[in-house]
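Keep in mind the model is a prediction, meaning the values are calculated, not measured.
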Amino acid sequence: MHGTRPSRLARPALLVVAHGSRDPRHAATVHALVRQVRSQQPEVRVSTAFLDFNAPTVPQVLERMANDGVGEVVALPLLLTRAFHAKSDIPSVLNEARARYPRLRITQSGVLGPSPFLLDAVEQRLYETGLSPADRSATGVVLASAGSSDPEAIAVLTAMARDLRHTGWCAVRPAFASAVTSASPARTEDAVRALRAEGVDRVAVAPYVIAPGRLPDRIADGARAAGADVLADVLGPSPELARLMLRRYDEARAVPRLAATG
């Protein structure tokens, strides 16, 4: 019967909310990442939903949870910065679900960034290209994001680049896949050329994105066009990212009930 099965060990379910993409690599990467999360926290019910392009949708998964008798769910935006989707799209769809399923308590967690876990994941991807910690002092890095017009998102990327620089890389510049506003960081290719102009001999591009898709491809194209020496992979289904997702889940669980409305 619907509405009678308790949630697993009475812990809130975790709903990972990804953006979605027409590129099939995006959903495949998201599902691989969610499998990492399940392996690290097998006692938690973990589901995946997409805002656009892919199935299942957020309303579909929340309906299934309500019918299964789930009492609480933490909705985790699979986003690196708190921009439009985290501030508008996701709260809107969650509020609709709250009205439709009043017995299902839904908490929206914080976005993933900024976090030292993300810096660890970026560096791990750089090391997978053949670089080592000993190469940091002679290597400049372009930390390339998909892009946003949100000032908060721009500030976070700039701060992450500064924090990455403090780990020992000789220079780090933030960049976007494409220019969004006049206040945006440079495009990937322009950031690579700027490091060359500063005298940096070895330039690496590190995509600050979770999954492959059109904009990550644009980052890669920009890196190649400007002659970057190293191109790292996207963050992907890394253990660091999975641990960070569970950190955000635990933080959301700790929010007092009356305040946990997203």
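Here the side chains of Thr29 and Pro212 are in contact, with some heavy-atom distance below 4.5 Å. Between Val44 and Arg38 the shortest side-chain heavy-atom distance does not fall below 4.5 Å. Contact annotation: the side chain of Asp217 never approaches that of Ile219 to less than 4.5 Å [non-hydrogen atoms, C-beta and beyond]. Between Glu63 and Tyr101 the shortest side-chain heavy-atom distance falls below 4.5 Å. Two residues are said to be in side-chain contact when any heavy atoms from C-beta on lie closer than 4.5 Å; Leu164 and Arg136 fail this criterion. Looking only at side-chain heavy atoms (C-beta outward), Ser109 and Pro77 come within less than 4.5 Å of each other.
The side chain to side chain donor-acceptor pair (under 3.5 Å) pairs that include a residue from residues 199-210 are Thr139-Arg202, where partners are two or more places apart or lie in different chains. The list of salt bridge (charged side-chain N to carboxylate O under 4.0 Å, His left out) pairs with a residue in residues 140-159, not counting sequence neighbours, reads Arg82-Glu152, Lys87-Asp150, Lys87-Glu152.
Shown here for Val111 and Leu79, the closest heavy-atom pair between the two residues is CB-O, 3.5 Å. For the residue pair Val61 and Ser47, the shortest heavy atom distance occurs at CG1-CB, 3.7 Å. Of all non-hydrogen atoms in Ala177 and Leu215, the two that sit nearest each other are CB-O, 3.6 Å. Scanning both residues, Gln108 and Pro91, for their nearest heavy atoms gives OE1-CG, 3.5 Å.
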Going through the checks in order, is the side-chain contact (heavy atoms from CB on, under 4.5 Å) test met by Gln36 and Gln41? CA-CA 9 Å; Gln36 280 272 1; Gln41 198 72 276; over 6 Å; no
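In this structure, His19 and Phe53 have tilted ring planes: the angle between them lies in the 30° to 60° band.
Within a 6.0 Å radius of CZ in Arg247, no more than 12 heavy atoms belonging to other residues, nucleotides or ligands are found.
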